[in-house]
Amino acid sequence: MERSFIMAKPDAVQRRFVAEIIRRFETRGLRLVGMKLIHPSRELAEAHYAVHRERPFFNDLVEFITSGPVVAMVWEGKDIITVTRTMIGATNPVNAAPGTIRGDLAIEMGNNLVHGSDALETAEKEIALWFTPSELLP
Ligand code: IDP
Ligand code: MG
């Protein structure tokens, strides 16, 4: 079964949307196989967003993601990447469809509430970065 790394970002924790985000994935029929509350270090945040290192918004992004605790999760299910990315919505919440997490709950690019892996290979790397194998259900 395919797995994805999903994170409730600091704005989601601060705005008390963690339960709402989990509820959406649970009611869709996905399986939660790992979860932890963690205040990410700069090193972890930079590694997680390494692909964006050269982008002008990289520093702001790392500052934001290290600004408070996040809820790091691994979810499992059929076509997990497509299903979770569709449920999360467009990167810029202004363009995110109603019914998506970002489209219902966010309006700013910098505060878009949730991260979801964009491919199975990315998911594998992100899961290994945030979790040890013993922290995940078999
Ligand atoms: P994604 O989160 O939808 O996968 P990515 O392109 O991987 O979007 O970008 C990672 C995060 O970086 C986004 O969620 C958003 O918070 C931030 N970001 C992306 N593009 C921009 C931008 O053009 N300006 C500011 N922040 C951005
Ligand atoms: Mg991305």
Side-chain angles (χ1 to χ4, degrees):
M1 197 56 105
E2 295 166 351
R3 293 180 169 193
S4 184
F5 175 72
I6 304 288
M7 167 171 54
K9 297 183 181 183
D11 53 336
V13 176
Q14 203 201 337
R15 295 176 63 197
R16 311 298 195 251
F17 283 153
V18 173
E20 165 70 16
I21 290 164
I22 292 172
R23 185 192 63 78
R24 287 177 180 236
F25 294 125
E26 279 186 323
T27 55
R28 188 70 190 270
L30 304 178
R31 177 179 177 241
L32 183 61
V33 294
M35 178 164 73
K36 61 181 162 188
L37 182 70
I38 172 174
H39 192 145
S41 65
R42 188 162 189 99
E43 187 189 13
L44 178 57
E46 286 182 354
H48 175 76
Y49 281 123
V51 66
H52 296 306
R53 199 173 289 272
E54 306 304 327
R55 308 286 287 278
F57 58 83
F58 181 70
N59 237 338
D60 287 346
L61 182 56
V62 170
E63 283 294 320
F64 167 61
I65 229 66
T66 57
S67 69
V70 302
V71 178
M73 295 173 273
V74 178
W75 287 85
E76 184 181 87
K78 183 173 175 307
D79 292 321
I80 189 76
I81 302 293
T82 306
V83 169
T84 51
R85 295 276 295 185
T86 303
M87 291 174 71
I88 290 168
T91 303
N92 187 342
V94 166
N95 303 320
T100 66
I101 295 168
R102 288 169 176 167
D104 287 348
L105 308 172
I107 202 151
E108 276 177 67
M109 175 80 106
N111 298 278
N112 60 9
L113 297 173
V114 194
H115 166 85
S117 307
D118 61 10
L120 287 177
E121 309 80 71
T122 323
E124 214 170 291
K125 282 187 205 153
E126 292 175 350
I127 291 167
L129 182 65
W130 289 83
F131 289 91
T132 63
S134 66
E135 290 172 324
L136 302 172
L137 296 182

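All ligand and atom numbering here is 1-based and tracks the order in the structure.
- Across all non-hydrogen atoms, the minimal contact from P69 to V13 is O-CG2, 3.3 Å.
- Residue pairs meeting the ring pair (Phe, Tyr, Trp, His ring centres under 6.0 Å) criterion with at least one partner in residues 116-138, sequence neighbours excluded, are F5-W130, H48-W130.
- Near ligand 1, heavy-atom contacts under 4.0 Å come from K9, Y49, H52, F57, L61, R85, T91, R102, M109, N112.
- For the atom pair OG1 (T100) and CG (L113), the distance works out to 10.0 Å, reported to the nearest 0.5 Å.
- A side chain to side chain donor-acceptor pair (under 3.5 Å) check over residues 61-73, counting only residues at least two apart or in different chains, returns the pairs R42-E63.
- The heavy-atom pair separating R3 from L137 by the smallest distance is NH2-O, 2.9 Å.
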For residues 85-97, tabulate all N or O donor-acceptor pairs below 3.5 Å that involve a side-chain atom, not counting sequence neighbours.
| unit_1 | atom_1 | unit_2 | atom_2 | d |
| --- | --- | --- | --- | --- |
| R85 | NH1 | G116 | O | 3.0 |
| T86 | OG1 | T82 | O | 2.7 |
| N92 | OD1 | V94 | N | 3.1 |

